[in-house]
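Hydrogens, waters and symmetry mates play no part in the numbers below; they use all other heavy atoms, side chains included.
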Amino acid sequence: MAYLIDVEIANDEYYMKEALRQARRAFAADEVPVGAVIVREGQIIARAWNQVEMLKDATAHAEMLAITQAEAAIEDWRLTDCDLYVTKEPCPMCAGAIVHARLRRVIFGCPDAKGGGAGGLLNILQMPQLNHRSEITPGVMAEECLHLIREFFRTRRQTALPPTCED
């Protein structure tokens, strides 16, 4: 039994590394660095990164874009045999879409205590009143995921500062 758990952890880290690659693309595009991949039967069927600024679309979160890609890939809106890997805990909007698309499992990196929809602020993914509940695995490669987000906002704060007398 311990072997199966070790294999699952190794697989989770493998797919989270893929989500981190997507998050780095977001960072390079000056978007909040969140990346997502959706996996079905061991294969990545969707990859996405935040594109809110680029698309001028408040709903263009990595999770939302990945869900749309995955639905197109399998030609069905039901993603019951799919798992979502995302670098940051999904927000309530994304959590609602995850429940509606019926994703089996959500694996995320860093938590979001102020705005997370998977247990941080709310737990939409496991609300008993809803018709679907997703399994949640938090904290996979959390330090790496959090470091990328912190670096992004640190860089933004530094570039947003007005010049000083020393400049």
hydrophobic_cluster_shared for [Y] and [X], side chain cutoff 4.5 Å:
X	Y	answer
Met16	Ile44	yes
Trp77	Leu79	no
Val106	Met93	no
Val86	Leu146	no
Leu55	Val34	no

Judged by atom type as modelled, is there a donor-acceptor pair below 3.5 Å linking the side chain of [X] to the main-chain atoms of [Y]?
X	Y	answer
Asn50	Val32	yes
Asp76	Arg78	yes
Gln126	Ser134	yes
Glu63	Cys94	no
Glu31	Met54	yes
Glu144	Leu20	no
Thr87	Ala23	no
Gln69	Ala48	no
His132	Leu103	yes

- Query: Side chains of Asp30 and Phe152: closer than 4.5 Å at any heavy-atom pair?
  - Reply: yes
- Any side-chain heavy atom of Ile45 within less than 4.5 Å of one from Val39? no
- Of all the heavy-atom pairs spanning Gly117 and Ala95, show the shortest one and how long it is. O-CB, 3.5 Å
- Item | Taking every non-hydrogen atom, the tightest pair across Ala142 and Gly109 | CB-O, 3.6 Å
- Query: Taking 4.0 angstrom as the limit, do Arg104 and Glu135 come out as a salt bridge?
  - Reply: no
- Parallel, tilted or perpendicular for Tyr15 and Tyr85, by the 30°/60° rule? tilted
- Query: Around His100, counting heavy atoms of other residues, nucleotides and ligands shown, do more than 12 lie under 6.0 Å from its NE2?
  - Reply: no
- Any chance the side chains of Arg105 and Thr137 put a donor and an acceptor closer than 3.5 Å? yes
